[in-house]
Amino acid sequence: MIDPRNSLPAAAYELLFRAYGSQEWWPADSPFEVMVGAILTQHTSWENVERALARLKASGSFSCRGLIGLPLDALEEYLRPSGAYRVKARRLTAYLMFFQETYGGSVDSMRRTSGTDLRSKLLSVSGIGPETADCILLYAMDKPWFVIDAYTRRIFGRLGWVDPQANYEDLQAWFQNAPMPGGLTDRVVYYNEYHALVVELGKRVCRPKPDCAACALNAICATGKTAS
DNA sequence: GTCCAGGGCCTAC
DNA sequence: GTAGGCCATGGA
């Protein structure tokens with residue numbers, strides 16, 4: 001892994017931002033919707049998550065207590081378009097129970113918890129792994145935790161900047177320990193935009209087939225391995 | 001028909 | 001500790 005004090009993350013960010021502009025994530029109407037979406041998007045394209053979210057909203061039960069109160073088979077049916085719906089119904093219920101019991105279903109109450117403490121609590125919930133926890137922390141709680149997803153591993157690994165097999169926290173530290181681009185002072189804003197830009201790039205170059213020629217980072221692909 | 005998507009859990013070594 | 005299977009729909 002390249003020295004974490006390197007300038008590559010900031011350089012990549014600036015190229016991506018110039019290529020794709022502000023993404024203004026997360027695509028949701030409320031922090032609660034962000035939390036639900038973070039669970040539903042596990043190993044699933046966002047388009048399918050949107051279908052499931054629309055069904056949940058149409059049910060009239062789109063609240064913490066409302067969703068907890070749904071029979072499991074009804075919840076499964078609403079989640080069907082997002083795939084793995086039985087698994088996700090259990091995971092969503094487990095998360096909402098945690099949210100209700102620990103924070104009274106209050107986003108504000110949850111937000112008052114420190115990021116480190118909250119992250120460890122989130123990881124203790126069945127079905128919430130590091131990526132889902134960080135999505136909730138960053139996009140629902142406005143806490144500065146960089147999200148590492150499959151695109152991040154694939155793209156930055158393909159560039160030779162990180163070991164794609166590295167564990168989650170090491171990859172996260174690589175981004176979090178690096179300086180921000182000049183002019184940016186808020187890490188929440190920076191990480192928010194960065195992950196969204198990586199997903200936008202990933203959608204373009206990682207599916208259906210890898211195509212490095214279309215990669216917005218091509219300009220620094222050639223020099224990346226020697227940069228510091 | 002086949003492959004894979006903005007993961008995480010469980011089981012077998 | 002880690003590799004592999006499993007969940008499951010919908011689009012390319």
Side-chain angles (χ1 to χ4, degrees), chain A residues 12-13 16 19-20 22-28 31 33-56 72-99 119-141 145-158 162-172 175 190-211 214-217:
Chain A
Y13 173 86
L16 288 170
Y20 304 135
S22 176
Q23 301 298 299
E24 298 179 8
W25 265 31
W26 180 287
E33 187 177 334
V34 172
M35 297 191 286
V36 175
I39 293 167
L40 299 189
T41 196
Q42 292 174 352
H43 203 67
T44 301
S45 66
W46 184 252
E47 290 74 15
N48 289 343
V49 174
E50 285 184 320
R51 291 190 183 89
L53 284 171
R55 288 159 72 116
L56 285 177
L72 186 60
D73 59 348
L75 183 59
E76 288 176 350
E77 192 53 38
Y78 291 134
L79 299 187
R80 184 182 284 269
S82 72
Y85 59 91
R86 291 194 179 92
V87 170
K88 287 179 181 175
R90 288 198 301 273
R91 290 181 182 176
L92 180 57
T93 300
Y95 177 76
L96 294 174
M97 296 285 286
F98 157 80
F99 183 44
R119 188 170 195 268
S120 116
K121 284 187 166 70
L122 288 169
L123 291 176
S124 73
V125 179
S126 174
I128 305 296
E131 183 184 337
T132 306
D134 290 335
C135 283
I136 292 171
L137 284 163
L138 180 62
Y139 291 105
M141 297 289 110
W145 293 83
F146 196 95
V147 176
I148 302 294
D149 68 347
Y151 286 151
T152 313
R153 284 181 185 278
R154 212 175 300 162
I155 291 166
F156 288 86
R158 205 175 284 162
V162 302
D163 173 7
Q165 305 300 318
N167 74 43
Y168 187 97
E169 277 72 22
D170 285 348
L171 284 172
Q172 186 177 52
F175 286 95
Y190 176 49
Y191 295 165
N192 178 319
E193 199 65 66
Y194 207 143
H195 175 59
L197 287 165
V198 168
V199 171
E200 180 58 31
L201 173 64
K203 286 196 288 195
R204 291 166 188 253
V205 304
C206 292
R207 71 186 199 200
K209 301 245 183 205
D211 178 14
C215 179
L217 299 180

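In what follows, every chain begins at residue 1, and chains take the letters A, B, ... in the order their sequences are listed.
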> Any side-chain donor paired with an acceptor under 3.5 Å for D134(A) and Y168(A)?
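Judged by distance alone, the side chains do pair up.
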> Can you tell me if R154(A) touches the phosphate of dA5(B), counting only side-chain N or O atoms and a distance under 4.0 Å to OP1 or OP2?
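Checking R154(A) against dA5(B): at least one side-chain N or O falls below 4.0 Å of OP1 or OP2.
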> Could you state the CD-C1' distance from Q42(A) to dG7(B), rounded to the nearest angstrom?
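Rounded to the whole Å, the gap is 5 Å.
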> Taking the nucleotide of DNA chain B with the nearest heavy atom to each, does L123(A) or W26(A) sit closer to the 5' end?
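Nearest nucleotide further toward 5': that of W26(A).
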> Would you say I128(A) and R91(A) make side-chain contact, with heavy atoms under 4.5 Å?
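Side chain of I128(A) against side chain of R91(A), heavy atoms only: no contact under 4.5 Å found.
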> Return the value, rounded to whole Å, for the distance between atom CG of L79(A) and atom P of dG10(C).
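Atom-to-atom, L79(A) to dG10(C), this comes out as 12 Å.
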> In whole angstrom, give the distance that lies between atom CD of E76(A) and atom P of dC7(C).
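From E76(A) CD to dC7(C) P: 14 Å.
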> Among residues 80-90 of chain A, which residues get a heavy atom nearer than 4.0 Å to DNA chain C?
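Going residue by residue through residues 80-90 of chain A, the ones with a heavy atom under 4.0 Å of DNA chain C turn out to be R80(A), P81(A), G83(A), A84(A), Y85(A), R86(A), V87(A).
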> Just the rounded figure in Å: distance from P of dT9(C) to CG of L40(A).
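Rounded to whole Å, this separation is 15 Å.
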> Could you tell me the separation between the CG atom of L92(A) and the C1' atom of dG7(B), rounded to a whole number of Å?
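Nearest whole value for this atom pair: 15 Å.
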> Taking for each residue the nucleotide of DNA chain B with the nearest heavy atom, is it H195(A) or I128(A) whose nucleotide lies nearer the 5' end?
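The residue closer to the strand's 5' end, by nearest nucleotide, is H195(A).
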> In Å and rounded to the nearest 0.5 Å, what is the OG1 to CZ distance from T44(A) to R51(A)?
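Reported value, rounded in 0.5 Å steps: 11.5 Å.
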> Report yes or no: is the cationic atom of R80(A) (NZ for Lys, CZ for Arg) under 6.0 Å from the centre of the six-membered ring of Y85(A), at an angle within 45° of the ring normal?
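Satisfied, under 6.0 Å and within 45°.
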> Given the P atoms of dC10(B) and dA8(C), what is the spacing between them in whole Å?
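Their P atoms lie roughly 14 Å apart.
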> Check F146(A), F175(A), Y190(A), W25(A) against H195(A) for a ring pair (Phe, Tyr, Trp, His ring centres under 6.0 Å) and give me the one that passes.
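That would be W25(A); it is the only one of F146(A), F175(A), Y190(A), W25(A) passing the ring pair (Phe, Tyr, Trp, His ring centres under 6.0 Å) with H195(A).
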> With a 4.0 Å cutoff (strictly under), does any side-chain N or O of S126(A) reach OP1 or OP2 of dG8(B)?
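Checking dG8(B) against S126(A), no side-chain N or O comes under 4.0 Å of OP1 or OP2.
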> Give one of base, sugar-phosphate or nothing for I39(A), where a contact means two heavy atoms less than 4.0 Å apart.
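No contact.
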> Find the distance N48(A):CG to dG11(C):C1' and express it as a whole number of Å.
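Result: 8 Å.
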> Within the structure shown, what part of the strands sits under 4.0 Å from D149(A) by heavy-atom distance: base, sugar-phosphate, or nothing?
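Result for D149(A) = sugar-phosphate.
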> Rounded to whole Å, please give me the gap between CD in E131(A) and P in dA5(B).
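Value for this atom pair: 12 Å.
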> CE of M35(A) versus P of dG7(B): gap in Å, rounded?
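That distance rounds to 20 Å.
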> Are the side chain of K88(A) and the backbone of L79(A) linked by a donor-acceptor contact shorter than 3.5 Å?
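Here the side-chain-to-backbone pair does not exist.
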> Would you mind checking if R119(A) and E169(A) are paired as a salt bridge, meaning a charged N to carboxylate O distance below 4.0 Å?
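Salt bridge between E169(A) and R119(A), a charged N being under 4.0 Å from a carboxylate O: yes.
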